[in-house]
2 protein chains.
Amino acid sequence: MYSHQLAKAAGVTPAQVRRDMMDIGYNGSPIHGYNVTELIKSIDDFLDAPEGQRAMLVGIGNLGRALISYFAGRRPQLTLVAAFDRDPRKVNRVIHGTRCYPDKRIAKVVKAKGISIAIIAVPASEAQAVAKKCVKAGIKGILNFAPVPLHVPEHIYVLDTDISMALEKVAFFARNKRRRSGV
Amino acid sequence: MYSHQLAKAAGVTPAQVRRDMMDIGYNGSPIHGYNVTELIKSIDDFLDAPEGQRAMLVGIGNLGRALISYFAGRRPQLTLVAAFDRDPRKVNRVIHGTRCYPDKRIAKVVKAKGISIAIIAVPASEAQAVAKKCVKAGIKGILNFAPVPLHVPEHIYVLDTDISMALEKVAFFARNKRRRSGV
DNA sequence: CGGTGTGAAGCGCTTCACAGCG
DNA sequence: CGCTGTGAAGCGCTTCACACCG
């Protein structure tokens, strides 16, 4: 499989693909290109923590449930092991294999299960408070779906994914003609 | 309101804020900083199409429903006016003010309502087919939540928002300590 | 001083372009 | 040849740094 084929499949340029190969330390051959099976293994080695990582979800609304089904049993090294909500009617059950707890128990469950990543899918008004709780519990990274910037200590990694902003962006560029763009 | 205050609120640097002011053509004064009311108006003028823009959603699963409630009556100039699904049980009703149609009717509804933006929230296996249908119907921009790169003509703007990739990214950087990052 | 507006520098990602090799 | 691996150039966004002004 050659760089230009991988490039077409992934929607990027061949140069990009070769650059990425360098970055993850995988080498192809000019004759046969890249061996996909080995390549996948190299990518996994590069991305995954050898011990695996566990994530939790806070906020079991429509978005929360969508996220649970997205992540259900996707990658063995990165699993969703708990979900939390403030509403007592939403907890103490299992959705798509993920157990739901009342949000009071975040700290305990994080410690008990060794969770290092939090996914925040609560309303904007609660996001900052939830983030604080997660950080105090010992989380290392946050995936934030609430449309507010989170204030957290420097050493916590935060990725903001503001969905309505994404729509604004599409609306804007759809009018003002530009090229595609990624995650 | 001064640039450093806006910066703190938005989670960016003061220099960024002033740069953005230049880009949208709004001027503050060194004495009073920026007038927030006028500023919001300037931003709207910059972002919004004067005639407004209409969007549709394809795929009424958990994610689809979450998106509907996100966008319900947010911005007057950018509204979600229709939702589509293949499943007959999900259509012919109104969710959060958004009418649901069978996906066969995409082309007709796009034309009838002057829709220019499509939000794709269907399973990966159907995304490309849906995208094609949308493009043929005359859509200008696509917000894609399916975890596949879409192949569309050059002049269509596509924004890919692969949520599980976002989680991988957080997992990776949470281990390898980096600074926060945006939409 | 404490702000804004902005040219210029910095930085990271993307692309070019070419050596090397079967 | 055609493809990989990679130094170097390009490009766009971010940050610096400073003139200007009340």
Side-chain angles (χ1 to χ4, degrees), chain A residues 1-43 45-47 149 151 154 157-162 165-166 168-170 172-173 176-183, chain B residues 1-43 45-47 149 154 157-162 165-166 168-170 172-173 175-183:
Chain A
M1 185 77 82
Y2 300 106
S3 62
H4 61 93
Q5 298 171 297
L6 294 167
K8 188 135 45 87
V12 298
T13 65
Q16 274 276 17
V17 171
R18 298 206 299 279
R19 213 28 98 169
D20 290 347
M21 296 298 177
M22 285 182 64
D23 292 346
I24 65 176
Y26 183 69
N27 283 6
S29 102
I31 314 171
H32 299 107
Y34 305 93
N35 174 322
V36 176
T37 316
E38 286 178 14
L39 174 55
I40 289 173
K41 174 120 193 4
S42 290
I43 295 172
D45 289 349
F46 181 77
L47 284 183
H151 289 105
E154 192 63 27
Y157 181 82
V158 179
L159 179 62
D160 293 305
T161 304
D162 185 335
M165 213 163 276
E168 298 278 352
K169 193 170 164 182
V170 174
F172 184 81
F173 285 117
N176 303 21
K177 208 190 262 272
R178 297 283 182 293
R179 182 81 36 68
R180 82 182 288 131
S181 110
V183 171
Chain B
M1 184 76 83
Y2 301 107
S3 62
H4 61 94
Q5 299 172 296
L6 294 167
K8 187 137 44 88
V12 298
T13 65
Q16 273 277 18
V17 171
R18 298 207 299 280
R19 206 38 91 168
D20 289 348
M21 297 296 177
M22 285 182 64
D23 291 348
I24 65 176
Y26 184 69
N27 283 7
S29 103
I31 314 171
H32 298 108
Y34 305 94
N35 175 322
V36 176
T37 316
E38 287 179 14
L39 175 55
I40 289 174
K41 175 121 192 4
S42 290
I43 295 173
D45 288 349
F46 181 77
L47 284 181
E154 191 63 27
Y157 181 81
V158 178
L159 179 61
D160 293 305
T161 305
D162 184 335
M165 212 163 276
E168 298 278 351
K169 192 169 165 182
V170 175
F172 183 82
F173 285 116
R175 297 213 316 283
N176 303 22
K177 209 190 259 275
R178 297 281 183 292
R179 183 77 42 64
R180 82 184 288 133
S181 110
V183 173

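Below, chain A is the first sequence line, B the second, and so on; all start at residue 1.
Closest non-hydrogen pair, A/Tyr34 versus A/Leu39, comes out as CB-CD2, 4.5 Å. Taking every heavy atom of both residues into account, A/Pro149 and B/Ala9 meet most closely at CG-O, 3.1 Å.
A search for side chain to side chain donor-acceptor pair (under 3.5 Å) contacts involving B/Gln16 returns nothing, not counting sequence neighbours. B/Lys41 pairs by the salt bridge (Lys or Arg N to Asp or Glu O under 4.0 Å) definition with B/Asp45, not counting sequence neighbours. For B/Leu47, the side chain to side chain contact (heavy atoms under 4.5 Å, CB included) test picks out A/Glu168, A/Phe172, B/Ile43, B/Arg75, with sequence neighbours left out.
Among residues at least two apart or in separate chains, there is no side chain to side chain donor-acceptor pair (under 3.5 Å) pair with a member in residues 1-15 of chain A. Applying the salt bridge (Lys or Arg N to Asp or Glu O under 4.0 Å) rule to pairs touching residues 26-38 of chain B yields nothing, sequence neighbours excluded.
Shown for residues 30-43 of chain B: residues whose heavy atoms fall under 4.0 angstrom of DNA chain D, namely B/Ile31. For DNA chain C, the neighbouring residues in residues 12-22 of chain A, judged by any heavy atom under 4.0 Å, are A/Thr13, A/Gln16, A/Arg18, A/Arg19.
Contact annotation: the side chain of B/Ile40 never approaches that of B/Tyr26 to less than 4.5 Å [non-hydrogen atoms, C-beta and beyond]. Side-chain contact between B/Asp20 and B/Val12 is absent, with no heavy-atom pair separated by less than 4.5 Å.
With rounding to the nearest 0.5 angstrom, the CE atom of B/Met21 is 5.0 Å from the CG atom of B/Leu6.
Rounded to an integer number of Å, the gap from OH of B/Tyr2 to P of C/dG5 is 13 Å. Between B/Ile24 atom CD1 and C/dT4 atom P there is a gap of 14 Å when expressed in whole angstrom units.
Nucleotides of DNA chain D lying under 4.0 Å from heavy atoms of chain A occupy a range whose first and last members, 5' to 3', are D/dC3 to D/dA8.
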